[in-house]
Amino acid sequence: MWTCTKCLTENSDQHTQCAHCGATRNNRRFSQPAVHHAPAAAPQPPQRSPRANSRTVRQTEWVPPPLSRAAKMLRLCGGLLTICLPLLCLLLCIRQYDALYSALVPLLCESAEQTWTGKCCYVFYCLCAMLLAFVPGLSILTQTCKYKRNARREDSKLL
């Protein structure tokens, strides 16, 4: 099938002329129909509201609704978990260095001897543990937006 560039009628590939307007087929293999642009509409004046004395409402930025008490408590717990769990992990890595070093470093290195490579592996383990300790607190902090304060009677009357 090919499309006539003048009248946009689809014709069979066997025909060399348009069945509707008689225009000859273009020699190009993939001919595109001519694009006809619609005239631009004239801008309309803004319509006034039925109330002549009403004030115009300004476009303001979206402000999220206030959080409920449960959401505030979750946010507080999430903040505390985000701070306390990594600190506890860091304290554990420092205080239990001998026991953790001899248990963890042989997993990546060949021996448990204290070498430069072993210490780098231990620091790597500690950083990974601290990053994993951030997950519970951050997940609670990101989920608090689901719990919004219920609308009061005054708020529902406005809507």
Side-chain angles (χ1 to χ4, degrees), residues 1-90 93 104-110 116-117 120-159:
M1 296 293 286
W2 62 276
T3 305
C4 177
T5 57
K6 292 186 179 179
C7 65
L8 303 178
T9 304
E10 289 197 14
N11 297 296
S12 173
D13 284 335
Q14 298 172 353
H15 297 110
T16 57
Q17 292 182 344
C18 177
H20 185 262
C21 70
T24 59
R25 182 177 179 181
N26 219 350
N27 288 336
R28 291 183 288 167
R29 185 174 177 191
F30 301 104
S31 62
Q32 295 293 326
V35 178
H36 300 286
H37 296 287
Q44 297 179 357
Q47 297 178 353
R48 294 191 177 201
S49 62
R51 295 182 191 175
N53 297 337
S54 66
R55 293 182 180 178
T56 58
V57 180
R58 292 183 185 175
Q59 294 281 341
T60 58
E61 292 183 23
W62 181 78
V63 178
L67 295 175
S68 64
R69 287 184 202 155
K72 288 179 182 176
M73 180 61 92
L74 275 175
R75 186 166 281 182
L76 176 70
C77 290
L80 289 174
L81 282 174
T82 305
I83 294 169
C84 293
L85 281 178
L87 287 177
L88 185 64
C89 182
L90 180 66
C93 289
L104 295 175
V105 171
L107 296 174
L108 290 179
C109 297
E110 296 156 359
W116 183 81
T117 310
C120 288
C121 290
Y122 185 75
V123 169
F124 175 72
Y125 279 127
C126 292
L127 289 175
C128 288
M130 287 178 61
L131 288 175
L132 285 174
F134 275 113
V135 172
L138 291 178
S139 66
I140 289 176
L141 284 176
T142 57
Q143 291 180 3
T144 55
C145 62
K146 294 179 183 177
Y147 306 101
K148 296 181 176 79
R149 183 179 295 168
N150 294 335
R152 296 182 180 156
R153 288 185 182 176
E154 298 85 26
D155 295 340
S156 61
K157 287 180 184 178
L158 294 174
L159 299 175

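Being a predicted model, the structure only gives us computed values, none of them experimental.
For the atom pair CD1 of Ile83 and CG of Leu88, the computed distance is 13.5 Å after rounding to the nearest 0.5 Å. Rounding to the nearest 0.5 Å gives a distance of 4.5 Å between CD of Glu10 and OG1 of Thr3. With rounding to the nearest 0.5 angstrom, the CD atom of Gln14 is 4.5 Å from the OG atom of Ser12. In this structure, the separation between SG on Cys120 and OH on Tyr125 is 13.0 Å, given to the nearest 0.5 Å. Atom CG of residue Leu104 and atom SG of residue Cys121 lie 10.0 Å apart, to the nearest 0.5 angstrom.
The closest donor-acceptor contact from the side chain of Trp2 to the backbone of His15 lies under 3.5 Å. Side-chain atoms of Asn11 come within 3.5 Å of backbone atoms of Ala19 as a donor-acceptor pair (strictly under, hydrogens ignored).
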TODO: Please step through side-chain contact (heavy atoms from CB on, under 4.5 Å) for the pair Arg25 and Thr5, ending with a clear verdict.
DONE: CA-CA 8 Å; Arg25 182 177 179 181; Thr5 57; over 6 Å; no

TODO: List the steps and the verdict of side-chain contact (heavy atoms from CB on, under 4.5 Å) for Cys93 and Tyr122.
DONE: CA-CA 9 Å; Cys93 289; Tyr122 185 75; 3.9 Å; yes

- [ ] Evaluate side-chain contact (heavy atoms from CB on, under 4.5 Å) for Ile140 paired with Leu81, printing each intermediate quantity in order.
- [x] CA-CA 9 Å; Ile140 289 176; Leu81 282 174; 3.7 Å; yes

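The closest side-chain heavy-atom distance from Arg69 to Leu74 is not below 4.5 Å. Annotation: side chain of Cys21 is not in contact with side chain of Thr9 (no heavy-atom distance under 4.5 Å).
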Donor-acceptor pairs are to be reported for all side-chain atoms of residues 127-135 against protein atoms at under 3.5 Å, with residues two or more places apart or in another chain.
none

